[in-house]
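Lettering of chains follows the sequences in order, A, B, ..., and the numbering in each one begins at 1.
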Amino acid sequence: MPRYWLLKSEPFKYGWDNLVAEGEGTWDGVRNYRARNNLAAMEVGDQAFFYHSREGLEIVGICQVSHAGITDPTDPTGKWAAVKVKPLKRLPRSVTLAQIKAEPRLAECELIRLGRLSVAELTPDEWAVICQMAGL
DNA sequence: GCCAACGTTGGC
DNA sequence: GCCAACGTTGGC
């Protein structure tokens with residue numbers, strides 16, 4: 001049973017287009033325990049929305065975990081986790097934060113409840129709602 | 001172990 | 001660019 005996630009990135013630092021261009025990206029640099037726990041819980045095959053923070057403020061695509069349980073290569077202490085992801089598909093319609101906030105079924109998701117969490121989990125129901133909003 | 005100060009994140 | 005929210009740090 002795959003789990004579902006949402007990964008935030010600032011598009012001017014590393015956006016969806018960068019991930020597509022590279023074919024595979026390492027999700028590292030996370031220094032928040034809750035986000036770390038989510039990263040550590042990911043398994044190969046899990047899917048994640050790719051969300052543009054600071055600019056755009058919308059989910060633009062879906063990526064898939066290609067390597068799980070990696071030690072963050074940018075961390076000299078070896079305590080922090082990372083994963084690798086591959087782009088799966090761009091959403092037919094981007095789903096904005098405003099739309100997510102306006103949807104009562106998404107009011108309880110980690111993205112909304114914990115606004116500054118950079119790696120959030122979504123329930124299968126929440127995932128399905130967003131997929132529907134994206135035109136999938 | 002508490003809590004004030006500080007730094008960072010991210011929506012607006 | 002501002003500021004609220006939150007996490008972390010460090011003095012006591």
Side-chain angles (χ1 to χ4, degrees):
Chain A
M1 187 67 178
R3 293 169 78 178
Y4 299 102
W5 312 95
L6 181 140
L7 298 169
K8 283 187 191 177
S9 186
E10 301 172 0
F12 47 87
K13 264 173 69 179
Y14 189 89
W16 173 257
D17 291 339
N18 299 102
L19 182 63
V20 171
E22 290 184 11
E24 184 176 49
T26 303
W27 218 270
D28 56 23
V30 171
R31 295 293 182 272
N32 170 286
Y33 283 103
R34 184 148 191 156
R36 195 271 310 263
N37 291 343
N38 282 342
L39 278 177
M42 289 185 192
E43 293 184 3
V44 172
D46 284 0
Q47 294 188 11
F49 287 125
F50 193 112
Y51 174 82
H52 281 167
S53 63
R54 308 286 316 256
E55 280 181 13
L57 307 187
E58 59 189 8
I59 298 169
V60 292
I62 297 177
C63 49
Q64 188 159 34
V65 177
S66 52
H67 290 85
I70 300 170
T71 301
D72 188 336
T74 68
D75 168 32
T77 70
K79 286 193 306 186
W80 297 96
V83 296
K84 287 189 182 183
V85 296
K86 286 182 173 175
L88 212 57
K89 70 176 84 167
R90 193 178 176 91
L91 297 184
R93 278 184 278 130
S94 298
V95 178
T96 66
L97 181 64
Q99 288 176 273
I100 293 168
K101 282 186 168 176
E103 171 52 66
R105 285 174 293 172
L106 299 175
E108 295 299 312
C109 71
E110 275 192 349
L111 173 68
I112 300 302
R113 281 203 341 265
L114 306 169
R116 291 176 51 215
L117 187 64
S118 57
V119 182
E121 182 170 16
L122 293 166
T123 68
D125 286 346
E126 290 161 354
W127 179 270
V129 169
I130 295 174
C131 284
Q132 199 182 344
M133 291 164 76
L136 290 171

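Atom CG in A:L57 sits roughly 11 Å away from atom P in B:dG10 (whole-Å rounding). Rounded to a whole Å, the CD atom of A:E58 is 12 Å from the P atom of B:dG11.
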| task | Could you encode protein contacts along nucleotides 1-9 of chain B as a string, one character per nucleotide from 5' to 3', using B for base contact, S for sugar-phosphate-only contact and - for no contact, with a heavy-atom cut-off of under 4.0 Å? | result | -------BB
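Side-chain atoms of A:S118 never come within 3.5 Å of backbone atoms of A:K8 as a donor-acceptor pair (strictly under, hydrogens ignored). Not one N or O on the side chain of A:R54 forms a donor-acceptor pair closer than 3.5 Å with the backbone of A:F12.
Classified by interplanar angle (parallel below 30°, tilted 30° to 60°, perpendicular above 60°), the ring pair A:W80/A:Y33 is tilted.
Within 4.0 Å of A:L114, counting heavy atoms only, lies no atom of the nucleic acid at all.
Annotation: side-chain hydrogen bond (donor to acceptor under 3.5 Å, both in side chains) contacts of A:E43 (sequence neighbours excluded): none.
With contacts defined as side-chain heavy-atom distances shorter than 4.5 Å, the pair A:F49/A:Y4 does not qualify.
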